[in-house]
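Protein chains get the first letters and strands the later ones, always in sequence-line order, with residue 1 at the start of each. Because the structure is predicted, anything quoted here is derived from the model rather than measured.
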Amino acid sequence: MSTYKPGEFEDKWEKVYSEKKTFEPGVDTKKKKFFITVPVPYPDGRLHLGHLYTWTRADVYARFMRMKGFNVLWPQSWHFTGGPMMGMSIRLKNKDPVAISIMQKAGVSPSEMEKFTDPLEMGLYFSKTFKNDMQKAGMSIDWRREFILSYTPHYSKFVEWQLRKLKDKGLIVQGNHPVVWCPREDTPLGDHDRAEGEGESPMLFSIIKFKHDDIVLPVATLRPETVFGATNLWVNKQISYRIIQIRGEKWIVSQEFAKKAEYQFKDIKDQGEFDIGSLLGKNAVNPVNGEELPILNADFVDKDVNTGLVMSVPMHAPFDYFYWEKIKTESPELYRKPKKVIDVSGHESLIEEAVKKAGGQANGLKEATRFVYKKETNDGILNSNSGELSGLAVKQGKEKAIDILKGLSAYDSFYEVSGKVVCRCGSRGLVKLVENQWFIRYSDKELKEKAIAYIEKMNIFPPEAKAQVINSIYNMEDKAMARRGGQGTPLPWNKDWIVEPLSDSTIYMAFYTISHIIKDIDVKEVNDELFDYVFFGVDTKKKPSKKMEDMRREFEYWYPVNLRVTAKDLLTNHLIFFILNHVALFPEDKWPRGLGVNGWLIINDIKMAKSKGNALTISESVEEHGADAVRLIAAASNGIDDVKWSLSDISAAKQRFEVMMDAVEILNDIDNKKSEIDRFLMSRMNYMIKAAEENYSEMKFRNAVFSSFFEGIDNLKFYLDAGGRDEETLRKYINGMVRLIHPVFPFITEEINKKLGGKNLLEESGWPDAGSYKQDEVIENEVSALKSTMEDISKLIKITEKKPSKIVIGIAGKELFDVYNSVVEAAKKTQNPKEIRGVLKTSGEFVEKLLKNPNRIPKNGLDRETEIKLFEELKGYIKRLFGAEIEIKESDDEKAAPGRPKIDLL
RNA sequence: GCAGGGGUAGCGAAGCGGUCAAACGCGUAAGGCUUAGGACCUUAUGGCUUAGGCCUUCGAGGGUUCAAAUCCCUCCUCCUGCACCA
């Protein structure tokens, strides 16, 4: 018995690969090329099995393509900017105990950790550990081409070149842009910087300027079209109000709004406190119709939301309705019947309905508001109470109302966060209107159309992801591509702005083709002329240098990217920018050809995690189980779903390695001795090769490993158990199997291949040829007949509670086989019983029995001679399993059917 | 709101017009091995059935077909993403 020792020969094969430079391919025009990439990670901690999932999938594909004879390039680099990395660095600077403990667990010494207050140092440290772990796990990466985005100076030149090209094409524009902002840290407040309010975003509100004398009372609303239905204004006595000067007007607003407004309006002057009580009971003028509306108190008015003044439209807003009805009893002299301005057919009294359902509870009223808003927005028509808006659908009415208000100089707008946002620093997030932000114009219609038409032609695995990509592009808006401060490449035309990390990493795969050459060129000589020559073939003023020619050749040979492998979190952002930038900048033959998208790998082995104190790192896993076994993660899923992964699967792999190793040992002791099951094993390999080919090419690695490895081992075990001992067959089978599973298990397969007399699987490019393994449907069917007969025997033994000393297996007569095969033949064209009967020359009980379940008629027939021979050959095998003498004979018993012999237990 | 993907045994998950009571894995039960535990091996795991059989299921309802988990329609329900952030 062989024992699989993890790691026994991994170093040896790593050395072979590195000496032969197997993973450092050059331009070889004799071979077809394949260029595969995985997006740059932001190294802010140790690589773990969950991350490795994506890289392993890429590696499996890369090795598969090498086996198929392609010249495969797979480089890898890093990105050192990005919020999470900066965040970790800042947290370490602040001596955050959680952050420190994460670093300790990652094995970082205190002296190293001190340096991490510079995110660059952290990136350098962890990218080294990433690289080391990837190497240990057998990633076939060309490390000569490694560089660091936003840090390698040559790359920054490349980004500048790219941006100038985009700008030349009119794809970069400037504009104002609302951003959720932390006022204390004075930075944008991204989702991961938030203690509360993930996913909340800026929302544009209309401001309608009501007036009291010369004072403006600005109310914020999402529903300006209801302004004709206003009965009053609400303010809240418990809120502090201030008077501010804005655009030459005096506005009364909440203290909070006065602060927030500074982030969205220019030239605001705070003119001090305002006693809101002085306005209560006074009137405000509705700009659209001059109606005088009372200003009243209501405690639902929130100081943190908008201006602190609310327009009350009882018939269309549940809160207003609820409080307005109270006025009826509290101050009947002020009450008047509210006007309904929107009709929804089928809902005569929508508001009463909604409020009744809410039961007067604040939560219920919120729910009711949502209900009314939805109903009226979708199905509402503005009625004759709403002046010039009457007859319009609510959506159109909204636009018209805004126009009318603008015409009356009574309109403004304000961005408010869609929900409460709190920064990690504790202060409340607000919306800042960033002025003159730079955008990439992804909204460009022509660009979108070109991209979408092209994506239809791309290979996207799994295919469901394609619809998502297309839809994301369809909905694409302009993307803010720069930020003030931080790390990265400054905008070439305005150094105050830094290109943000998703926008400087859209076409860097092109840089991989030249990164190992350009690094030896003085960065001062790296300019747009160089890049234009290398990437576009534009003539240079002087004759291009040798290095430049080399780069041009590399780019022309390797580009485009054939496959980009990534987890699904990048699907609707980075991958979209990746495609759109290629479409914008390069000719179509340089656009990416394929995407492979996977879900998350969830390591769910809690016990293991507990005993180890933390999630398993790559080096620990590889040391314990061996790189090959760990790489089984590649087979976790076929698609984009998240997968729970249990480490116990790993030992299942190890055991099967040993079965293969045993089979190789046996080869020394056996000769050539063919029998029926040899036909079976060869036929299985024929099927396995075809299945593997299809599954690997579509990145269905779960299926690939299943059919080539787990089933492959099962076949092998069956063959050996059944007494198969033909050296040629066995050798040929193992030889095929080793090739099929090499992409997933590179080291053990190289080792076994060597034992079989091979040299180096990747060098041999030895993807097996299905044609050299004979497909044989008859033997496949007869073996399953044998297997099901054995199942039947054990079933019978159980039912009869008899321990037979002899089992007689009666094979059906020739006539039945003929009938059976003719039914099978007829069923190839149709499985409709009526039609089969029409085609058949014979009829009778046996035919009717078969036709009772037409869908169970197999695709291929049976052969009586083979059946007899097979059962005779495997007599010993059957005997061993049941501990009884076996006799095979012919039988004319009615129970004996082709593929289903009569069984007698004696 | 917009978009994408689901609902199959105790659980995870395959199947996507016809050998489907439903692969495979986990869990559970019995047995073997073992000083014991773990690991491993065998068997069972919808219901009924003392001869290899029968019956009923794939979120709900309806339709197309000789044949539907698979195709079409309606409904219920769950998950994911929505940008200056990787």
Side-chain angles (χ1 to χ4, degrees), chain A residues 39-42 44 79 81-85 87 177-180 188-194 198-199 201 370 373-374 377-378 434 437-440 442 462 464-472 474-483 486 499-503 505 567-574 576-577 599 604 637-646 648-649 651-652 655 702-703 706 710-711 781 784 788-789 791-802 824 827 830-836 851 853-860 881 895 897 899-905:
Chain A
V40 283
Y42 296 69
D44 65 345
H79 209 329
T81 62
M85 259 183 105
H177 187 58
V179 179
V180 179
L189 196 43
D191 265 349
H192 46 252
D193 303 320
R194 298 179 191 178
E198 226 176 278
S201 53
R370 211 173 302 146
Y373 182 91
K374 200 172 154 185
T377 308
N378 291 331
V434 178
Q437 167 65 284
W438 293 93
F439 295 87
I440 303 182
Y442 290 130
E464 306 94 84
K466 191 174 265 187
Q468 235 180 112
V469 171
I470 289 175
N471 271 297
S472 302
Y474 190 75
N475 295 323
M476 188 68 35
E477 288 165 25
D478 293 347
K479 158 116 176 82
M481 49 79 80
R483 59 186 183 196
V499 185
E500 63 82 34
L502 278 177
S503 299
S505 58
K568 64 180 176 186
D569 53 332
L570 299 184
L571 184 61
T572 57
N573 42 66
H574 168 260
I576 303 294
F577 307 144
N604 72 329
S637 164
N638 282 327
I640 201 168
D641 317 319
D642 297 342
V643 208
K644 285 186 187 154
W645 176 259
S646 154
S648 66
D649 293 352
S651 56
Q655 236 184 299
R702 190 184 155 93
N703 286 0
F706 193 78
F710 288 99
E711 278 183 13
N781 287 343
S784 22
S788 63
T789 303
E791 276 169 33
D792 289 343
I793 294 174
S794 53
K795 224 166 172 180
L796 289 180
I797 290 175
K798 210 179 146 197
I799 292 165
T800 55
E801 292 177 357
K802 189 156 133 189
V824 168
T830 170
Q831 284 187 297
N832 187 336
K834 280 182 210 152
E835 290 173 29
I836 293 176
L851 291 183
N853 274 319
N855 47 2
R856 290 192 186 170
I857 299 168
K859 299 233 158 25
N860 290 287
L881 274 163
K895 282 214 168 81
R900 184 142 231 198
K902 167 89 162 69
I903 299 162
D904 287 300
L905 305 180

Report the nucleotide, chosen from [options], that has the shortest atom-to-atom distance to any side-chain atom of [X].
X: A:Lys902; options: B:G52, B:A83, B:U19; answer: B:G52
X: A:Pro188; options: B:G53, B:G81, B:C85; answer: B:C85
X: A:Phe706; options: B:G52, B:C24, B:A83; answer: B:C24
X: A:Arg702; options: B:A13, B:C85, B:G53; answer: B:A13

- request: Find which nucleotide of RNA chain B each of A:Ser201 and A:Asn573 is nearest to by heavy atoms, and output the residue with the more 5' nucleotide.
  value: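 Checking each residue's closest nucleotide, the 5'-ward one belongs to A:Ser201.
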message: Both A:Asp569 and A:Glu711 contact RNA chain B. Taking the nearest nucleotide for each, which residue is further toward the 5' end?
response: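 With A:Asp569 and A:Glu711 compared, the 5'-side residue is A:Glu711.
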Please classify the nucleic acid contact of [X] as base, sugar-phosphate, or nothing, using heavy-atom distances under 4.0 Å.
X: A:Glu477; value: base
X: A:Met85; value: nothing
X: A:Leu905; value: nothing
X: A:Pro462; value: nothing

In whole Å, I'd like the distance from the [atom1] atom of [X] to the [atom2] atom of [N].
X: A:Arg900; N: B:U19; atom1: CZ; atom2: P; value: 16 Å
X: A:Asn703; N: B:C16; atom1: CG; atom2: P; value: 10 Å
X: A:Met481; N: B:C85; atom1: CE; atom2: P; value: 14 Å
X: A:Leu571; N: B:C79; atom1: CG; atom2: P; value: 21 Å
X: A:Phe710; N: B:C24; atom1: CZ; atom2: C1'; value: 9 Å
X: A:Lys479; N: B:A83; atom1: NZ; atom2: P; value: 10 Å
X: A:Asn638; N: B:C24; atom1: CG; atom2: P; value: 16 Å
X: A:Phe439; N: B:A83; atom1: CZ; atom2: C1'; value: 11 Å

Can you name the side-chain hydrogen bond (donor to acceptor under 3.5 Å, both in side chains) partners of [X], sequence neighbours left out?
X: A:Ser505; value: none
X: A:Lys568; value: A:Asp642
X: A:Asp478; value: A:Ser443
X: A:Arg483; value: none

Would you measure the distance from the [atom1] atom in [N] across to the matching atom in [M] and give it in whole Å?
N: B:U70; M: B:C58; atom1: C1'; answer: 10 Å
N: B:A21; M: B:C54; atom1: C1'; answer: 12 Å
N: B:G52; M: B:G31; atom1: P; answer: 29 Å
N: B:A22; M: B:G15; atom1: C1'; answer: 8 Å
N: B:G17; M: B:U64; atom1: C1'; answer: 12 Å
N: B:G47; M: B:A14; atom1: P; answer: 25 Å
N: B:U77; M: B:A60; atom1: P; answer: 15 Å
N: B:G25; M: B:A13; atom1: C1'; answer: 8 Å

- request: Kindly write out the residues that satisfy ring-ring contact (aromatic ring centres under 6.0 Å, His included) with A:Phe439, not counting sequence neighbours, or none if the list is empty.
  value: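 Partners of A:Phe439 under the ring-ring contact (aromatic ring centres under 6.0 Å, His included) test: A:His177.
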Exam field: side chain A:Asn638 to backbone A:Asn703, donor-acceptor pair closer than 3.5 Å: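 Such a contact is found between A:Asn638 side chain and A:Asn703 backbone.
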Drop me the distance from [X]'s [atom1] to [Y]'s [atom2], to the nearest 0.5 angstrom.
X: A:Ile470; Y: A:Asn475; atom1: CD1; atom2: CG; answer: 12.0 Å
X: A:Met476; Y: A:Asn471; atom1: CE; atom2: CG; answer: 11.0 Å
X: A:Ile576; Y: A:Leu571; atom1: CD1; atom2: CG; answer: 6.5 Å

task: Apply salt bridge (charged side-chain N to carboxylate O under 4.0 Å, His left out) to A:Arg900 and list each qualifying residue two or more places apart in sequence or on a separate chain.
output: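 Listed in chain order: A:Asp792.
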Salt bridge (charged side-chain N to carboxylate O under 4.0 Å, His left out) partners of A:Asp44, counting only residues at least two apart: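 None.
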- prompt: If a stem is a run of at least 3 consecutive Watson-Crick or G-U pairs, both distances under 3.5 Å, which stems include RNA chain B?
  reply: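 Detected stem regions: B:1-7 with B:76-82, B:10-12 with B:24-26, B:27-32 with B:40-45, B:46-48 with B:53-55, B:59-63 with B:71-75.
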For nucleotides 2-6 of chain B, which of its nitrogen or oxygen atoms have a protein nitrogen or oxygen under 3.5 Å away, and what is each distance?
| unit_1 | atom_1 | unit_2 | atom_2 | d |
| --- | --- | --- | --- | --- |
| B:A3 | O3' | A:Asn471 | ND2 | 3.4 |
| B:G4 | OP1 | A:Asn471 | ND2 | 3.3 |
| B:G4 | O2' | A:Gln468 | NE2 | 3.0 |

